[in-house]
Amino acid sequence: MKTKNLKKVLLASVLSLGLIFFIGCKEKGDSSILKLSHNHATGYPVDIAYKKFAEIIEQKSEGKYKIQIYPSSQLGDQKASLELAKSGVIQFAHINTAVLEGFDQIYSILNLPYIYKDYEHYRRVMDSDKITEIFESTLDKGFISLIYIEGGARSIYTKPRGIKSPSDLKGLKIRVQDSPTAIEMVQLLGGTPVTLNFSEVYTSLQQGVIDGAENNMPSYVETAHCEVAKYFSLTEHTRLSDILAIGAPFWNSLTDKEKQMFRDAAKETEEFFAELWEQSENKSTQRAINEYNSTIVKSDISLFRNLMKPMHDNWANREPRFKELIDFIKSLENE
Ligand code: GCU
C-alpha cells in the first residue's frame, strides 16, 4: 500500500476510534475528558505549557473539564489534528501559524519574514485586540485559535556550510512547513524549498533528502537535528507562533461563562510560557555549542531583510484585509 493511502487508512481508523472515545468521554462524577493533540515530545516547553493549561482548566472548572494530552503527533500531524478538532473527534489541536495559512490566508501576514522589528514588537502585535479578533474569526471554518505560544525567532540550519549571506543558500534544499510564505521566502533567497512534516526532518537530513531546515533553537536541539546539521545560522527571518486551536463543535457547546474561562486560562498560559521559553532558548543554545559542537554563524541579516521586503508589498496588494493587517503591524513598530 502506498504511504499516502496507508496514512489515510490509519487516520480513518483513528477518526472512528476517536468518535467512539468522544461518545464515551464523560467520566463518572460528570467530568468531561477533552483531547489535545500536539507534535512535540513530552517535556518540550510546548508540552509543559499545555500541561499547565490543563491544570488551570481543571482548577477553574472545578473538575468539570480534564484535558488529556496526546504528544508526538500520535493523533496525526498538525493539519490532521486540526481536522479532528474541526469534526469534534478531539477538542484541541496544536498548529503552527505556518500551517494555518492553509486554513485562512490571513495567517500568512503574521508569518512574513522580518515583519516584526524585534521580540517586543512581536509581543505587542500578538497581545493586541486585533489578533484576538482574527483568532476568533474562523469559527465558520470549524475552529478558533485560543492560545498563542511564542516560537522565538527562526533561523536556518544546514549540513554543508553556514549561511552568512543569501548566496550561501544557492543549490541547497531547505525543509519548510507547508506554508506559502515559507516556500516563497526560500525561493527568493535562492534555495530550493522542500515541504515536509516536522517528524520527517531528522531522517530527511540524515539521508540527504534535504540539506537543511529552519526553526528555532529549542526545536533544532531537542529533536537532535543538530546531530546531523552542524551549522545554525542566525538569519532570524520569522517569528512564528504555535496556536492551540479549539474545534467549533466543542466551542459552540460552551456557555458564555465557560468560553470566558477558556480565554482567561489561555492568557495565563501565554504569560507562563514566555518565561519558560526564554530559559529554554538559552539552555538549548548552550547544549548546541557544548554538547553537539554546533557552529553558530552570524548572518548578515540586512542582506536577507532587503531581499524579503518585496514580499510585504506583494502581500499587501493581494487583499485589502492583508494590507490593513500589515499597516496595523507596522504601526506598532515603535511604541
Ligand atoms: C516548531 C513548532 C512546531 C512546528 C515546527 C515545524 O518546532 O513548535 O509546532 O511543527 O516548528 O517546523 O514543523
Side-chain angles (χ1 to χ4, degrees), residues 36-51 53 69-83 85 92-103 107-108 110-111 113 122 126 143 145-158 173-183 185-186 191 193-205 209-226 228-229 232 235-245 269-270 273-274 276-278 280-281 283-285 287-288:
L36 184 160
S37 162
H38 75 75
N39 66 354
H40 282 290
T42 306
Y44 185 82
V46 170
D47 179 67
I48 298 175
Y50 292 148
K51 286 191 175 124
F53 175 64
I69 299 177
Y70 294 82
S72 307
S73 305
Q74 282 169 33
L75 296 184
D77 62 28
Q78 305 184 74
K79 251 189 192 165
S81 297
L82 187 55
E83 291 300 344
F92 300 101
H94 158 105
I95 183 159
N96 193 265
T97 46
V99 183
L100 270 177
E101 292 181 34
F103 292 84
Y107 282 96
S108 302
L110 300 181
N111 302 337
Y122 161 82
M126 295 308 291
F143 71 97
S145 297
L146 181 69
I147 306 184
Y148 85 88
I149 300 270
E150 61 185 76
R154 289 173 78 106
S155 288
I156 297 174
Y157 51 92
T158 34
K173 294 191 277 302
I174 303 298
R175 177 269 173 174
V176 289
Q177 297 190 76
D178 189 0
S179 139
T181 52
I183 292 170
M185 174 188 77
V186 172
V194 179
T195 309
L196 292 171
N197 278 331
F198 192 39
S199 54
E200 297 164 323
V201 178
Y202 184 87
T203 328
S204 305
L205 277 169
V209 175
I210 50 175
D211 304 297
E214 51 82 55
N215 215 318
N216 52 50
M217 186 60 93
S219 294
Y220 167 66
V221 175
E222 305 311 323
T223 50
H225 295 172
C226 55
V228 199
F232 190 92
T235 50
E236 301 185 334
H237 47 270
T238 47
R239 287 183 181 273
L240 307 185
S241 312
D242 283 329
I243 296 294
L244 188 68
T269 310
E270 284 163 7
F273 188 75
L276 187 71
W277 183 251
E278 199 187 337
S280 162
E281 275 188 324
K283 195 176 122 210
S284 301
T285 307
R287 288 191 69 199

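When a residue number appears, it is its place in the shown sequence, counting from 1. All ligand and atom numbering here is 1-based and tracks the order in the structure. Quantities reported herein were computed from a predicted structural model and do not represent experimental measurements.
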I'd like to know whether Glu222 forms a salt bridge (Lys or Arg N to Asp or Glu O under 4.0 Å) with Arg287, so could you lay out the CA-CA distance, the side-chain angles of the two residues, the decisive distance to 0.1 Å, and finally the verdict. CA-CA 9 Å; Glu222 305 311 323; Arg287 288 191 69 199; 3.0 Å; yes
Please check this pair: side chain of Tyr50 against backbone of Pro71, looking for a donor-acceptor N/O pair closer than 3.5 Å. no
Given 3.5 Å as the limit, does a donor-acceptor pair link the side chain of Asp211 with the main chain of Lys173, or not? yes
side-chain contact (heavy atoms from CB on, under 4.5 Å) partner of Ile95, the single match among Leu82, Asp242, Asp77: Leu82
Testing Leu196, Thr203, Asn197, Val201 for side-chain contact (heavy atoms from CB on, under 4.5 Å) with Ser199, which one passes? Asn197
Compile the protein residues with any heavy atom at a distance under 4.0 Å from an atom of ligand 1; present them by chain, then by number. Asn39, His40, Gln78, His94, Asn96, Arg154, Arg175, Gln177, Phe198, Asn215, Ser219, Asp242
Check: Tyr70 and Ser81 side chains under 4.5 Å, non-hydrogen atoms: no
